Peer 1: 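Sharing a structure, written as structure tokens. Questions coming.
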Amino acid sequence: MRAEAENGGSRDSELRFRNRRWEAAEGPGDRREEMKEPDARGCCVKEDRACGCRQIFRSVWRWLHRCILMTFMIYLSIPILAKMCPGIQAKLVFLNFVRVPLFVDLSRPQHLGLNHTISFFLSSGPDIQLGVWHTTPETMWRKAKGKDQAWYEESLQDGNPVILYLHGNAGTRASKHRVDLYKRLSSFDYHVISLDYRGWGDSLGSPTEEGITMDALYTYHWVKERSRGPVYIWGHSLGTGVATNVARKLCEQGKPPDAVVLESPFTNIREEAVSHPLAMIYKVYPAFDWFFLDPLTESGVVFASDENMKHIDCPLLILHAEDDHIVPFHLGRKLYDAAMSTSPVSARRNMKFVSFPASLGYRHKFIYKDPDLFHILQSFFAH
């Protein structure tokens, strides 16, 4: 018995000795951590989670900080880039590289519901090929089925009015709002000739203001030679600048068009650039004109419709929606005022401005939906 007690005491002494050695090696802090293990589901887990959340927050903040810094650097660099490379601004005005709608075969307008339309090409200059559509009046759609280009050209001699449609920037002649306009004009018994300028759609060449004006002028003469009815020029948005360029040239030649329709027009490209929504973030930029507008003018993009009005003496109709978010309504009104004050006196009585209330929601490209459009055009063209 005494031996067992002595053995037990020695074992206790040995365990106490080992514990003291362990505490000396590990330290009191580690011992405390070890003592917390039974309580691991409590405060220790909460501390680990809080630490993890702080790390995530720091990572997100560093990412946001980099994004903000990069955005700021881009904001500062764009004006410099615009000044050094004015050709970039010209591309942004034309936006001909935006090929929408996608996956549309421009040679088959029938796929878009234009059953009485043919696609063909014209050449307005060396290495220039223009994709063109001819949509006949809706009443001729049965006769037009399966006919070739020669038949379509001959149909222009039926005496019905012909509208040469000059579209705005971006997209092609197959853009939905443009196709819907062709259909409405066709239902009014008009022939519609729509083209893609050089660099747009399936047309070859690179766009410039002078170049696309020549494309429109060439197409006008092509139509005029074949038509026995009146030929009207209809421009929309950027196409209004092309339309006034063409009308001015024709009037100066003593061969004015029968009428010009301007849908959502602007006065000149500088004023439109200042009023465009994308320009709002830079209007507060120092020397905005020097960085943005002067290079645009230097690149040859002017579209001075207000100046052209001094030389246009044919009937003029301006259509503009009050809620237009791309070309502000006041620019259309200002252009009309310029026309009334600078055009030849003989032409002023044939100039008309039609506004569409914001409540209709036509904005920049849906005026064609107006139920009174036929009566507006009929009343205007009748004069």
Side-chain angles (χ1 to χ4, degrees), residues 96 99 101 103-167 171-205 207 211-236 239 242-243 246 250 255 257-259 261:
N96 60 300
R99 305 293 179 92
F103 313 116
V104 170
D105 186 353
L106 293 172
S107 67
R108 297 181 180 275
Q110 297 81 10
H111 293 174
L112 299 173
L114 295 171
N115 297 321
H116 43 296
T117 300
I118 192 172
S119 180
F120 60 98
F121 293 98
L122 295 176
S123 180
S124 61
D127 301 322
I128 302 298
Q129 175 182 275
L130 307 178
V132 184
W133 282 352
H134 174 191
T135 302
T136 66
E138 191 176 79
T139 53
M140 299 175 64
W141 78 269
R142 292 186 183 276
K143 295 180 181 179
K145 188 175 181 180
K147 296 299 192 298
D148 58 11
Q149 183 180 342
W151 182 90
Y152 273 84
E153 288 187 26
E154 188 177 352
S155 71
L156 291 171
Q157 300 180 20
D158 63 2
N160 285 318
V162 182
I163 291 181
L164 173 61
Y165 180 76
L166 307 176
H167 66 65
T172 67
R173 62 189 186 276
S175 296
K176 187 179 185 307
H177 65 283
R178 294 163 187 163
V179 171
D180 289 343
L181 175 63
Y182 310 154
K183 292 177 180 178
R184 287 219 69 191
L185 294 176
S186 174
S187 70
F188 301 159
D189 272 345
Y190 299 136
H191 289 273
V192 181
I193 303 293
S194 55
L195 74 146
D196 277 322
Y197 320 107
R198 61 186 70 186
W200 272 263
D202 53 356
S203 299
L204 302 180
I212 65 177
T213 299
M214 292 303 297
D215 294 341
L217 187 62
Y218 178 88
T219 307
Y220 173 85
H221 285 306
W222 184 91
V223 173
K224 193 67 176 177
E225 290 173 1
R226 290 160 175 78
S227 174
R228 290 185 179 177
V231 179
Y232 308 131
I233 299 175
W234 183 309
H236 172 244
V242 182
V246 171
L250 292 173
K255 301 176 181 179
D258 293 291
V261 179

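In this text the structure is predicted, and so the values were computed from the model without any measurement. All residue numbers in this chain count up from 1 along the given sequence.
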Peer 1: S186: which residues meet the side-chain hydrogen bond (donor to acceptor under 3.5 Å, both in side chains) condition with it, sequence neighbours left out?
Peer 2: H116
Peer 1: Does Y190 form a side-chain contact (heavy atoms from CB on, under 4.5 Å) with N160? I'd like the steps, not just the answer.
Peer 2: CA-CA 6 Å; Y190 299 136; N160 285 318; over 6 Å; no
Peer 1: Sequence neighbours excluded, which residues qualify as side-chain contact (heavy atoms from CB on, under 4.5 Å) partners of W151?
Peer 2: T136, M140, K143, A144, K147, D148, S155
Peer 1: Would you check if the side chain of S227 reaches a backbone N or O of G229 as a donor-acceptor pair within less than 3.5 Å?
Peer 2: yes
Peer 1: Are the side chains of M214 and V246 in touch, meaning some heavy atoms are under 4.5 Å apart?
Peer 2: no
Peer 1: Not counting sequence neighbours, which residues clear side-chain hydrogen bond (donor to acceptor under 3.5 Å, both in side chains) with T172? List them please.
Peer 2: none
Peer 1: I'd like to know whether H236 forms a ring pair (Phe, Tyr, Trp, His ring centres under 6.0 Å) with Y165, so could you lay out the CA-CA distance, the side-chain angles of the two residues, the decisive distance to 0.1 Å, and finally the verdict.
Peer 2: CA-CA 8 Å; H236 172 244; Y165 180 76; 7.1 Å; no
Peer 1: Donor-acceptor pair, distance only, cut-off 3.5 Å: does the side chain of R142 make one with the backbone of T139?
Peer 2: no
Peer 1: Could you check if a side-chain atom of V242 sits within less than 4.5 angstrom of a side-chain atom of Y197, using non-hydrogen atoms only?
Peer 2: yes
Peer 1: Measure the spacing between CG of L166 and CG of L195 and express it to the nearest 0.5 Å.
Peer 2: 6.0 Å
Peer 1: Could you list the residues that satisfy side-chain contact (heavy atoms from CB on, under 4.5 Å) with P230, not counting sequence neighbours?
Peer 2: P161, Y232, D258
Peer 1: Please round to the nearest 0.5 Å and tell me the distance separating atom CG of L164 and atom CD1 of I233.
Peer 2: 6.0 Å
Peer 1: Between the side chains of K176 and D180, is the shortest nitrogen-to-carboxylate-oxygen separation below 4.0 Å, so that they form an ion pair?
Peer 2: yes
Peer 1: Once salt bridge (charged side-chain N to carboxylate O under 4.0 Å, His left out) is applied, do any residues pair with R226, and if so which ones, sequence neighbours excluded?
Peer 2: E153
Peer 1: Is there any salt bridge (charged side-chain N to carboxylate O under 4.0 Å, His left out) pair reaching into residues 185-195, and which pairs are they, with sequence neighbours excluded?
Peer 2: none
Peer 1: Show, in sequence, the C-alpha distance, side-chain angles and deciding distance for I163 and I193, and conclude whether the side-chain contact (heavy atoms from CB on, under 4.5 Å) test is met.
Peer 2: CA-CA 6 Å; I163 291 181; I193 303 293; over 6 Å; no
Peer 1: Can you name the residues that form a side-chain contact (heavy atoms from CB on, under 4.5 Å) with R108, not counting sequence neighbours?
Peer 2: D105, Q110, H111
Peer 1: Atom CG of D196 and atom CZ of R99: how far apart are they, to the nearest 0.5 Å?
Peer 2: 8.5 Å
Peer 1: Looking at residues at least two apart in the chain, or sitting in another chain, which of them share a ring-ring contact (aromatic ring centres under 6.0 Å, His included) with Y218?
Peer 2: none
Peer 1: Just jot down the salt bridge (charged side-chain N to carboxylate O under 4.0 Å, His left out) partners of D158, sequence neighbours excluded, or say none.
Peer 2: none
Peer 1: For W200, which residues count as a side-chain hydrogen bond (donor to acceptor under 3.5 Å, both in side chains) partner, sequence neighbours excluded?
Peer 2: none
Peer 1: To the nearest 0.5 Å, how far apart are OH in Y182 and OG in S194?
Peer 2: 3.5 Å
Peer 1: Atom NZ in K224, atom OG1 in T219: separation rounded to 0.5 Å?
Peer 2: 15.0 Å
Peer 1: Going from CD on E138 to CZ on F188, what distance comes out if it is rounded to the nearest 0.5 angstrom?
Peer 2: 10.0 Å
Peer 1: Identify every side-chain donor-acceptor pair in residues 117-134 under 3.5 Å, counting partners at least two apart or on other chains, and give the distances.
Peer 2:
| residue | atom | partner | partner atom | Å |
| --- | --- | --- | --- | --- |
| T117 | OG1 | T135 | OG1 | 2.8 |
| S119 | OG | L106 | O | 3.3 |
| S119 | OG | R173 | NH2 | 3.4 |
| S123 | OG | G125 | O | 3.2 |
| S123 | OG | I128 | O | 3.1 |
| S124 | OG | D215 | OD1 | 2.6 |
| W133 | NE1 | L106 | O | 2.9 |
| H134 | NE2 | H191 | ND1 | 3.0 |

